[in-house]
2 protein chains.
Amino acid sequence: MTNPPIPFRPPVGLRLAAAAKAVSRAFDEEMAAAGGSMAIWQVLIAVKSRQTGNQRELAASMGIQGATLTHHLNGMEKSGLVTRARNPENRRVHAVELTPAGEALFLRLREVALGFNHRLRDGLADEDLDRFEHILDRLAANATKES
Amino acid sequence: MTNPPIPFRPPVGLRLAAAAKAVSRAFDEEMAAAGGSMAIWQVLIAVKSRQTGNQRELAASMGIQGATLTHHLNGMEKSGLVTRARNPENRRVHAVELTPAGEALFLRLREVALGFNHRLRDGLADEDLDRFEHILDRLAANATKES
DNA sequence: TATTGTTATACTCTATAACTATA
DNA sequence: TATAGTTATAGAGTATAACAATA
């Protein structure tokens, strides 16, 4: 009836989550100091890198639901960062575009992101990062494939 | 007035965040199916692996604030998973202990976590994971060190 | 006064369900 | 009917500030 200690070592997924949390938190702080946020930055990237896509695709590329993206876009539109206009050829589609303020914020946040990543990569060779990203991809694929 | 596309490649930090999100989400789903959650699992691990620590240390090991941990413990106490009793030697300290239900849930979630990690590691050699975790540590350290 | 933890409150991100507009 | 997106609502996780209990 005693309670023998169970040998225990934190699993790899937890290591990944903890590291990602620490990195995201530090990144968020720098984004906030520059007038942005992680979510805003992701939307700006998504809009900037695939201007033609509809919102559903945009949301998918961010890993969130369409309604969640609407939520973020509402805030960004209210802040004057983006505009949404119906596409004349298919008026169901809303074309999301950056305003000048949105473009300016994108450039500012990009500076922050580039600087952050430069610091993040300190002491890490490109080869290390390539392998690292390869394993990231593998983990994500393993996690999401049906057992 | 045209809009020349700015060459752009998602930074590494974003890759890390996206992979962690995908993995965490899949993990959360399995935890939920077993009656738990990521937060509950982390508390159980923290309590289980360092029973002597006070709540502040517990929170720190989870990367959250003390008040946030209280929030989780309130829920877990209400669910009958943990008890909190004052330490007679220093009555400011609340000793967090698992109830039998908490122990049972720990074991159940551990099964889920072990199975998940087994699947997660599919096709990855220990050597790969060692290097991977080393880089995770490095990234976390780089992110949190003052620039 | 300092330490430990809780309460009160609020913010952000996320989701689902029901809805509107358009095709 | 099907598709694109929005609105309404809710839940989880987090934080800060003020507080109570104890030392």
Side-chain angles (χ1 to χ4, degrees), chain A residues 14 17-18 20-22 24-29 31-32 35-43 46-47 50 52-79 82-97, chain B residues 14 17-18 20-22 24-29 31-32 35-44 46-47 52-79 82-97:
Chain A
L14 207 56
K21 178 189 265 189
S24 289
R25 193 165 302 194
F27 185 70
D28 257 337
E29 281 170 18
M31 284 282 123
S37 76
M38 178 74 172
I40 288 175
W41 173 230
Q42 281 188 284
V43 172
V47 173
R50 45 178 16 246
T52 57
N54 63 21
Q55 285 185 209
R56 191 152 302 182
E57 290 169 21
L58 227 66
S61 78
M62 291 177 63
I64 60 178
Q65 295 303 116
T68 304
L69 177 57
T70 295
H71 170 79
H72 293 309
L73 288 175
N74 286 344
M76 292 176 71
E77 191 170 37
K78 191 144 73 176
S79 307
V82 301
T83 57
R84 283 179 285 187
R86 289 183 183 276
N87 179 337
E89 299 185 0
N90 179 347
R91 291 182 45 75
R92 286 178 303 194
V93 175
H94 290 206
V96 178
E97 305 254 343
Chain B
L14 206 57
K21 178 190 264 189
S24 289
R25 194 166 301 195
F27 185 69
D28 257 338
E29 281 169 17
M31 285 281 124
S37 75
M38 180 73 173
I40 287 176
W41 173 229
Q42 281 188 284
V43 172
L44 291 175
V47 173
T52 58
N54 63 21
Q55 284 185 211
R56 191 151 301 181
E57 289 169 21
L58 226 66
S61 78
M62 291 176 64
I64 60 178
Q65 295 303 114
T68 304
L69 177 57
T70 295
H71 171 78
H72 293 309
L73 288 175
N74 285 345
M76 292 176 72
E77 192 171 36
K78 190 144 74 176
S79 308
V82 300
T83 58
R84 282 179 286 186
R86 288 183 184 276
N87 179 337
E89 299 183 1
N90 179 346
R91 291 182 45 76
R92 284 177 304 195
V93 175
H94 290 206
V96 178
E97 305 256 343

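The analysis underlying the following values was restricted to heavy atoms, covering all of them including side chains, and did not include hydrogens, waters or symmetry mates. First the proteins, then the strands, lettered A, B, ... as listed; each starts at 1.
- Close to dT14(C), at under 4.0 Å from its OP1 or OP2, lies a side-chain N or O of Lys21(B).
- Under the side chain to side chain contact (heavy atoms under 4.5 Å, CB included) criterion, Ser79(A) pairs with Leu81(A), not counting sequence neighbours.
- Screening residues 58-73 of chain B for salt bridge (charged side-chain N to carboxylate O under 4.0 Å, His left out), with sequence neighbours left out, gives no hits.
- Considering only residues two or more places apart in sequence or on other chains, Arg25(B) meets the side-chain hydrogen bond (donor to acceptor under 3.5 Å, both in side chains) condition with none of them.
- Closest to the Ile64(B) side chain, of the nucleotides dT6(D), dT14(D), dT4(C), is dT14(D).
- Among residues two or more places apart in sequence or in another chain, the side-chain hydrogen bond (donor to acceptor under 3.5 Å, both in side chains) test is passed with His72(B) by none.
- Within residues 66-77 of chain A, the residues that have a heavy atom under 4.0 Å from DNA chain D are, in order of number, Ala67(A), Thr70(A), Asn74(A).
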*Take nucleotides 18-23 of chain C nucleotide by nucleotide from the 5' end and write B, S or -, depending on whether a protein heavy atom sits under 4.0 Å from the base, only from the sugar-phosphate, or from neither.*
---SBS

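- The side-chain hydrogen bond (donor to acceptor under 3.5 Å, both in side chains) check on Arg56(A) picks up nothing, with sequence neighbours excluded.
- In this structure, the salt bridge (charged side-chain N to carboxylate O under 4.0 Å, His left out) partners of Arg84(A), at least two apart in sequence or on a different chain, are Glu77(A).
- Look at NE2 on His94(B): it is 15 Å from P on dA20(D), rounded to the nearest Å.
- Look at Gln65(B) and you won't find any side-chain N or O under 4.0 angstrom from OP1 or OP2 of dA17(D).
- One finds a side-chain N or O of Arg84(A) lying less than 4.0 angstrom from the OP1 or OP2 phosphate oxygen of dT6(D).
- Among residues two or more places apart in sequence or in another chain, the side chain to side chain contact (heavy atoms under 4.5 Å, CB included) test is passed with Arg92(B) by Asn90(B).
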